[in-house]
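Values below: all heavy atoms of this structure, side chains included; hydrogens, waters and symmetry mates excluded.
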Amino acid sequence: MRTEGVTRQAAVPAARTAVLWDALRAVLAERAYATGRARLDIIDAGGGTGGFAVPLAGLGHAVTVVDPSPDSLAALERRAAEAGVGVRALQGDAADLGDLLPEGGADLVLCHSVLEYVDDPAGALRAVARLLRPGGVVSLLAANPVATAVHRALSGRFEEARLVLGDDEGRWGDRDPTPRRFTGERLAALLAATGFTVGEVHGVRIFADLVPSRLVDGEPGAAEALVALERAAATHPVLREIATQTHVLATLG
């Protein structure tokens, strides 16, 4: 199994996804070694159009995407066909995982940008736990309220930034399209309460969402330097707390 990269395009990944792909490659290598199987079973809950699922299938893994949007699943199937890989597509919500998929059949479950929107985050994680084999891993990605406050302030919306910091769900008002956001501490507590052991925690998009694109596009080597900076900052105990998203890897039990 190739674990050194997902595709040639991902060999120099975009700054916004570099940290995620680094973490996923490490998990894939560890699980392949532990199980003795090169072909792992992966579920992408809320996987949408297949931004992660299709490259993972390209590595030779068996990937299933569960998503509530038929349009997204149709786009996923087109993307998979263009890449020449097979991805199983199932329509459903996180709450439907137990009805759609067998218990204990997954080595890795991606749960990226899902907990912000589901009615019951703890219930969604319990459903994920039932899907995993012993030693299986969940890759959890969620929006960070601290970053939202920073971004609202930088755009001159100071009152909204203040509201984010004082709101239990990390929202800036009634018109906020995101129902809830999670600090790393809150994610860790939620995972522990649903039977997981928290492993690595990464900050994702620490600088990538703050640096003007003209500074990256106009300078030779700037994109690569920004990727290197994101990687260096991802586990920094202070900088990861201001990342746009928090990424947590956790194992069952």
Side-chain angles (χ1 to χ4, degrees), residues 1-7 10 13 17-67 73 76 79-80 83 85-90 92-98 100-115 118 121 124-142 187-188 190-192 194-202 204 234 245-253:
M1 179 181 70
R2 292 189 302 113
T3 58
E4 73 280 7
V6 177
T7 63
T17 58
V19 170
L20 286 172
W21 278 117
D22 288 347
L24 291 177
R25 283 194 292 268
V27 167
L28 293 173
E30 186 278 328
R31 294 309 301 155
Y33 178 81
T35 63
R37 291 183 285 108
R39 182 177 173 85
L40 299 175
D41 296 305
I42 301 172
I43 297 167
D44 190 350
T49 61
F52 284 92
V54 170
L56 289 169
L59 282 174
H61 300 298
V63 183
T64 298
V65 171
V66 179
D67 195 276
L73 293 176
L76 160 69
R79 174 182 263 174
V85 299
V87 176
R88 186 185 181 195
L90 297 175
D93 296 304
D96 302 323
L97 290 173
L100 295 171
L101 295 162
E103 291 188 20
D107 299 291
L108 170 65
V109 176
L110 308 188
C111 190
H112 293 176
S113 301
V114 170
L115 295 188
V118 296
L125 285 180
R126 285 191 291 269
V128 167
R130 288 192 290 270
L131 299 179
L132 286 167
R133 295 186 172 110
V137 178
V138 60
S139 171
L140 186 61
L141 184 71
L187 281 179
L190 185 59
L191 284 162
T194 50
F196 288 93
T197 299
V198 175
E200 296 180 18
V201 180
H202 311 103
V204 176
Q245 295 170 302
T246 300
H247 179 239
V248 181
L249 293 173
T251 55
L252 187 59

Closest heavy-atom pair and its distance - [X], [Y]:
X	Y	result
Val65	Ala53	CG2-CB, 3.4 Å
Gly46	Asp67	C-OD2, 3.3 Å
Val63	Ala57	CG2-N, 3.7 Å
Gly136	Arg31	N-NH2, 4.3 Å
Val66	Gly92	CG1-O, 3.5 Å
Gly135	Thr251	O-CG2, 4.4 Å

Exercise. Apply the test side chain to side chain contact (heavy atoms under 4.5 Å, CB included) to residues Leu187 and Leu115: give CA-CA distance (whole Å), side-chain angles for both, the deciding distance (0.1 Å), then the verdict.
Key: CA-CA 10 Å; Leu187 281 179; Leu115 295 188; 4.2 Å; yes
Quiz item: Below 4.5 Å, heavy atoms only, C-beta onward: do Phe196 and Leu132 meet side chain to side chain?
Solution: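 A side-chain contact under 4.5 Å exists here.
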From [atom1] ([X]) to [atom2] ([Y]), nearest 0.5 Å:
X	Y	atom1	atom2	result
Leu20	Leu110	CG	CG	9.5 Å
Leu97	Leu131	CG	CG	5.5 Å
Leu249	Leu24	CG	CG	7.0 Å
Trp21	Leu56	CH2	CG	4.0 Å

Quiz item: Who are the side chain to side chain contact (heavy atoms under 4.5 Å, CB included) partners of Val114, not counting sequence neighbours?
Solution: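 Counting only residues at least two positions away or on another chain, Val114 forms a side chain to side chain contact (heavy atoms under 4.5 Å, CB included) with Ala94, Cys111, Val118.
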Quiz prompt | With Ala83 via side chain to side chain contact (heavy atoms under 4.5 Å, CB included) - residues at least two apart | solution =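 With neighbours one apart ignored, the set is Val54, Val85.
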Quiz item: Does a donor on one side chain sit under 3.5 Å from an acceptor on the other, for His247 and Gln245?
Solution: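 The criterion, which ignores hydrogens and geometry beyond distance, is not satisfied for Gln245 and His247.
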[Y] backbone acceptor or donor facing [X] side chain under 3.5 Å:
X	Y	answer
Arg88	Ala62	no
Arg39	Gly60	yes
His61	Leu40	yes

Practice problem: Any pair with a residue in residues 41-65 that passes salt bridge (charged side-chain N to carboxylate O under 4.0 Å, His left out), sequence neighbours left out, goes on the list, sorted by first then second residue, please. | Solution: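 Of all non-adjacent pairs touching residues 41-65, those that pass salt bridge (charged side-chain N to carboxylate O under 4.0 Å, His left out) are Asp41-Arg133.
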Self-check item: Test log, rule side chain to side chain contact (heavy atoms under 4.5 Å, CB included), inputs Leu191 and Val138
Solution: CA-CA 10 Å; Leu191 284 162; Val138 60; 4.2 Å; yes
Quiz item: side chain to side chain contact (heavy atoms under 4.5 Å, CB included) between Arg130 and Leu101: does it pass, once the steps are laid out?
Solution: CA-CA 10 Å; Arg130 288 192 290 270; Leu101 295 162; over 6 Å; no
Practice problem: Report the C-alpha distance between Ile42 and Leu28 in whole Å, list the side-chain angles of each, state the deciding distance to 0.1 Å, and finish with yes or no for side chain to side chain contact (heavy atoms under 4.5 Å, CB included). | Solution: CA-CA 10 Å; Ile42 301 172; Leu28 293 173; 3.9 Å; yes
